[in-house]
Colleague: 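Just dropping this structure here.
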Amino acid sequence: MASIKRDEIEKSIAYAEKNGILEKLNKIYNTVPSGKCEGCAKCCMESVGINLTEFLNIYKYLKERPEIYNKYIDKVLDYYFMEYKEKKPCPFLDENKRCAIYEVRPLNCRIFGHWYKSDYNLNLDSIKEKNRDYRDLMKARYGFEINEDVVEYRIEYCEKFIPDNGERLSKEERLSYLDQIMILDSQIYSKGMIDIDFRDRGIVEYFIDSLFFTDTSYNMKIKISQDFDKGEKVLKRIKKIVAVGKK
């Protein structure tokens, strides 16, 4: 059984649709200013943080398109279980550097180019420091080294993105969008239909938790990271198990 149970996901999606929550989410998305992006995909290099309502929206989109779900769930598994070995792009990025879930991409993707450079670099410095602390923790606790390229990877500030209105978003404006989506989340949590702990999750982590118990997936990830040669064989077995679950 997974940490985020399939029947609870489906009930939550049904509730969100019936009560206009997904419609409200799309209205929030539509208020994000547009801009000109060169499509280089250099920013598509992480498991971007999302909210519960966003996960439900993306999950619904993929389940209605099983060919896309089946294609990209293997990439989700690769990203999660091999995360400490190599820096992979977002698993929903296709071979042409296009987003496979562009219609339902989360807020953090939509506002990426709208940061002011000073805010962005402060956040980047904080992330880098946390990555180094986490590397040291993994070494001390489990005895393996996270690849230094992963620890030190930086998604550089995008100088080429041009907001259509000429203005980027302040920190307060960005947080306002997040607050609006948190309110939508609270409407779903308050009904008790989905029994998951409230914590920060990236898009990859949400999908992993919909497939495995959190402790199970994390323990497997640690074992794979302690011996990547054997770990690749373990990952193949995991994919076979997940493939059976798709049927």
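We number each residue from 1, following the sequence as shown.
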Colleague: Where do Tyr120 and Ile155 land on the side chain to side chain contact (heavy atoms under 4.5 Å, CB included) test, with the steps shown first?
Modeller: CA-CA 10 Å; Tyr120 185 84; Ile155 299 176; 3.6 Å; yes
Colleague: Flag the pair Phe161 / His114 as yes when at least one side-chain heavy-atom distance between them is below 4.5 Å, and no otherwise.
Modeller: yes
Colleague: Hey, does the side chain of Asn108 reach the backbone of Gly49 with a donor-acceptor pair shorter than 3.5 angstrom?
Modeller: yes
Colleague: Applying salt bridge (charged side-chain N to carboxylate O under 4.0 Å, His left out), run through Glu232 and Lys85 and close with a yes or a no.
Modeller: CA-CA 11 Å; Glu232 289 182 352; Lys85 180 181 181 182; 3.2 Å; yes
Colleague: Can you name the closest pair of heavy atoms from Val76 and Pro91 and give their distance?
Modeller: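 Reported closest heavy-atom pair: N-CB, 3.6 Å.
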Colleague: Can Glu23 and Lys27 be counted as an ion pair, charged N to O under 4.0 angstrom?
Modeller: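 Yes, Glu23 and Lys27 are salt-bridged.
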Colleague: With a 4.5 Å limit on heavy-atom distance, are the side chains of Met82 and Ile224 in contact?
Modeller: yes
Colleague: Check this for me: Glu148, atom CD, are more than 12 non-hydrogen atoms of other residues, nucleotides or ligands nearer than 6.0 Å?
Modeller: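 Counting other residues, nucleotides and ligands, CD of Glu148 exceeds 12 neighbours.
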Colleague: Would you name the heavy atoms of Met182 and Asn51 that are closest together and state the gap between them?
Modeller: SD-ND2, 3.2 Å
Colleague: Between Ser217 and Phe81, which heavy-atom pair has the shortest distance, and what is it?
Modeller: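 Reported closest heavy-atom pair: O-CE2, 3.5 Å.
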Colleague: Without swapping roles, check the side chain of Tyr79 against the backbone of Ser47 for a donor-acceptor pair under 3.5 Å.
Modeller: yes
Colleague: Is a donor on one side and an acceptor on the other found under 3.5 Å between the side chain of Thr214 and the backbone of Ser3?
Modeller: no
Colleague: Under the criterion salt bridge (charged side-chain N to carboxylate O under 4.0 Å, His left out), I'd like the reasoning laid out for Glu145 against Arg135: C-alpha separation, chi angles, the key distance, then a yes or no.
Modeller: CA-CA 7 Å; Glu145 297 272 3; Arg135 171 200 59 197; 5.6 Å; no
Colleague: With rounding to the nearest 0.5 angstrom, report the OH to CD1 distance, Tyr15 to Ile21.
Modeller: 5.0 Å
Colleague: Quick one: does Tyr177's side chain have a donor or acceptor within less than 3.5 Å of a partner on Ile28's backbone?
Modeller: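 Not a single qualifying donor-acceptor pair exists.
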Colleague: I'd like to know if the side chain of Arg201 reaches the main chain of Ile50, judged simply by a donor and an acceptor atom lying under 3.5 Å from each other, with no hydrogens or angles considered.
Modeller: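 No, the answer is negative, given that no donor and acceptor are paired below the 3.5 Å cut-off.
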Colleague: In terms of side-chain geometry, is the basic nitrogen of Lys88 or Asp78 positioned less than 4.0 Å from the acidic oxygen of its partner?
Modeller: no
Colleague: Please list, chain by chain and in numerical order, all residues satisfying salt bridge (charged side-chain N to carboxylate O under 4.0 Å, His left out) with Glu8, sequence neighbours excluded.
Modeller: none
Colleague: Measure from the side-chain N and O atoms of Tyr157 to the backbone N and O of Trp115, and report whether any donor-acceptor pair falls under 3.5 Å.
Modeller: yes
Colleague: How far apart are the closest heavy atoms of Lys71 and Glu95, and which atoms are they?
Modeller: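 Taking Lys71 first and Glu95 second, the nearest heavy atoms are NZ-OE1, 3.5 Å.
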Colleague: Lys171 and Asp119: which non-hydrogen atoms are nearest, and at how many Å?
Modeller: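 Scanning both residues completely, I find the closest heavy atoms to be N-OD2, 4.1 Å.
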Colleague: Taking atom CD1 of Ile181 and atom CG of Leu107, what is their separation to the nearest 0.5 Å?
Modeller: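 Separation between the atoms: 4.5 Å.
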Colleague: Roughly how far apart are Leu169 CG and Arg174 CZ, rounded to 0.5 Å?
Modeller: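 Rounded to the nearest 0.5 Å, the CG-CZ separation comes to 7.5 Å.
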Colleague: Can you sort out the partners of Tyr72 under ring-ring contact (aromatic ring centres under 6.0 Å, His included), two or more places apart, ordered by chain and number?
Modeller: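 Partners of Tyr72 by the ring-ring contact (aromatic ring centres under 6.0 Å, His included) criterion come out as none, since no residue qualifies.
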Colleague: Strictly below 4.0 Å, N to O, side chains only: are Lys117 and Glu159 in salt-bridge contact?
Modeller: yes
Colleague: Give a yes or no answer on whether the side chain of Ser176 reaches the backbone of Glu172 with a donor-acceptor pair at less than 3.5 Å.
Modeller: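 Side chain of Ser176 to backbone of Glu172, a donor-acceptor pair under 3.5 Å: no, none is there.
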Colleague: Is the side chain of Asn96 donor-acceptor paired with the backbone N or O of Arg98 at a distance under 3.5 Å, no angle test?
Modeller: no
Colleague: Answer yes or no: is there an ion pair linking Lys42 with Glu156, defined by an N-O contact shorter than 4.0 Å?
Modeller: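 No, this pair does not count.
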Colleague: Measure from the side-chain N and O atoms of Asn30 to the backbone N and O of Asn26, and report whether any donor-acceptor pair falls under 3.5 Å.
Modeller: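 Judged by distance alone, yes, a pair lies under 3.5 Å.
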Colleague: Crowded around Asn165 CG? As in, over 12 foreign heavy atoms under 6.0 Å?
Modeller: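 More than 12 within 6.0 Å, yes.
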Colleague: Check for me whether Lys63 meets the cation-pi criterion with Tyr69, that is, NZ or CZ under 6.0 Å from the six-membered ring centre and within 45 degrees of the ring axis.
Modeller: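 Yes, cation above the ring, under 6.0 Å and within 45°.
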Colleague: So, the side chain of Arg110 versus the backbone of Arg105: is there a donor-acceptor pair under 3.5 Å, distance only?
Modeller: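 At least one qualifying donor-acceptor pair exists.
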